[in-house]
Amino acid sequence: MAASTSLHAQNASVESTHVNGAAQQQEMLQQDVALQLASIKSRQDLEQYLRNSGSASPLAALSESGKRRFIASLKFNESGITSFSYGDLQTELNASQIYQVMSLFGAQHTVAMMRNVRIQNAVDEQIMRPLGGPPGPVCPSQPCDYEGYECAKKATCSYNINTICMRNC
């Protein structure tokens, strides 16, 4: 009987791992889609967006100096955003506002990775807990985004506090 119980527990564990792996894979696919459909995928897109958006932009919630520093921190490659500093975002905005800003770049999933983000309501709380799990990145065996790093050059993330290096670096 004990062997049967143990085998059942092992099967349940393997099934749970498979389900979690499938959920993580689905999350990675959603992140890829968000990046591909982002409004801003390059410095040129950003400049055009800033010229046309005005006060309707989620970036308008930042102070002028915070906005300037955040924009200066943005790095792009042919796939879109590769890294950014979130220091001013976490200081000035709540999780929902940061989510709206990062959605411009298809990087809204990174909000859950940011430290010391202000949570003011249930939506903010949901944003900070992707897939209903604990705060932090969803990272299966594929390449992952890295908090505390920036994209220094192609495929190379270097340590830098309050930054996120995207997996497409």
Side-chain angles (χ1 to χ4, degrees), residues 23-24 26-140 142-152 157-158 160-169:
Q24 289 176 338
Q26 181 62 33
E27 178 68 15
M28 296 290 276
L29 289 172
Q30 289 174 348
Q31 291 172 14
D32 288 344
V33 168
L35 192 60
Q36 291 171 26
L37 297 178
S39 300
I40 302 171
K41 296 183 218 168
S42 66
R43 184 66 56 185
Q44 183 180 5
D45 290 346
L46 175 61
E47 290 168 6
Q48 182 178 355
Y49 176 84
L50 293 172
R51 278 192 304 272
N52 299 329
S53 64
S55 63
S57 170
L59 292 168
L62 286 164
S63 67
E64 281 304 313
S65 58
K67 181 175 159 181
R68 189 172 42 254
R69 283 188 297 269
F70 173 69
I71 289 170
S73 78
L74 294 169
K75 293 183 181 180
F76 299 91
N77 68 13
E78 63 282 349
S79 299
I81 190 170
T82 60
S83 69
F84 60 93
S85 173
Y86 64 86
D88 289 295
L89 298 177
Q90 75 177 15
T91 301
E92 298 185 23
L93 308 176
N94 65 33
S96 298
Q97 292 170 310
I98 297 170
Y99 186 94
Q100 291 172 328
V101 168
M102 296 315 301
S103 292
L104 297 171
F105 307 95
Q108 57 268 33
H109 69 278
T110 62
V111 180
M113 298 173 67
M114 298 177 191
R115 301 174 191 272
N116 303 315
V117 172
R118 192 170 48 236
I119 297 174
Q120 294 181 320
N121 55 46
V123 173
D124 289 348
E125 201 165 300
Q126 284 180 301
I127 289 168
M128 297 308 292
R129 296 195 180 278
L131 298 178
V138 175
C139 189
Q142 294 97 337
C144 193
D145 301 325
Y146 296 97
E147 193 277 331
Y149 290 84
E150 70 176 330
C151 184
C157 296
S158 298
N160 193 349
I161 194 164
N162 290 338
T163 59
I164 294 179
C165 184
M166 306 287 288
R167 63 189 164 113
N168 66 329
C169 172

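Keep in mind that the numbers below use all heavy atoms, side chains included, and drop hydrogens, waters and symmetry copies.
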Kindly give the heavy-atom pair with the smallest separation between [X] and [Y], and that separation in Å.
{"X": "Arg115", "Y": "Tyr86", "value": "N-OH, 3.5 Å"}
{"X": "Ser96", "Y": "Asn121", "value": "OG-OD1, 4.1 Å"}
{"X": "Ser57", "Y": "Leu104", "value": "OG-CD1, 4.4 Å"}
{"X": "Val101", "Y": "Pro58", "value": "CG2-O, 3.7 Å"}
{"X": "Ser79", "Y": "Asn168", "value": "CB-ND2, 3.4 Å"}
{"X": "Ala60", "Y": "Ser55", "value": "CB-O, 3.7 Å"}

When rounded to the nearest 0.5 angstrom, what is the spacing between [atom1] in [X] and [atom2] in [Y]?
{"X": "Leu35", "Y": "Arg167", "atom1": "CG", "atom2": "CZ", "answer": "8.0 Å"}
{"X": "Cys169", "Y": "Tyr146", "atom1": "SG", "atom2": "OH", "answer": "10.5 Å"}
{"X": "Thr163", "Y": "Glu147", "atom1": "OG1", "atom2": "CD", "answer": "7.0 Å"}
{"X": "Leu89", "Y": "Thr110", "atom1": "CG", "atom2": "OG1", "answer": "8.5 Å"}
{"X": "Tyr99", "Y": "Gln126", "atom1": "OH", "atom2": "CD", "answer": "10.5 Å"}
{"X": "Arg43", "Y": "Gln48", "atom1": "CZ", "atom2": "CD", "answer": "14.5 Å"}

Quiz item: Is atom CG of Leu50 surrounded by more than 12 heavy atoms (other residues, nucleotides or ligands) closer than 6.0 Å?
Solution: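 Yes - once you tally the heavy atoms of other residues, nucleotides and ligands closer than 6.0 Å, there are more than 12.
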
Test your reading of the model: is there a side-chain donor-acceptor pair from [X] to the backbone of [Y], 3.5 Å cut-off?
{"X": "Ser42", "Y": "Asp45", "result": "yes"}
{"X": "Gln97", "Y": "Asn94", "result": "yes"}
{"X": "Arg129", "Y": "Ala112", "result": "no"}

Indicate yes or no: at least one non-hydrogen side-chain atom of [X] is less than 4.5 angstrom from one of [Y].
{"X": "Ile164", "Y": "Met102", "result": "no"}
{"X": "Val117", "Y": "Asp124", "result": "no"}
{"X": "His109", "Y": "Asp145", "result": "yes"}

Quiz item: Do any pairs count as a salt bridge (charged side-chain N to carboxylate O under 4.0 Å, His left out) and have a residue in residues 94-105, sequence neighbours left out, and if so which ones?
Solution: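 Residue pairs passing salt bridge (charged side-chain N to carboxylate O under 4.0 Å, His left out), neighbours aside: none found.
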
Sequence neighbours left out, cut at 3.5 Å: what donor-acceptor pairs do the side chains of residues 68-76 make with other protein atoms?
unit_1	atom_1	unit_2	atom_2	d
Arg69	NE	Asp88	OD1	3.3
Arg69	NE	Asp88	OD2	2.9
Arg69	NH2	Asp88	OD1	2.8
Ser73	OG	Phe70	O	2.7
Ser73	OG	Ser85	N	2.9
Lys75	NZ	Glu150	OE1	3.0
Lys75	NZ	Cys151	O	3.1

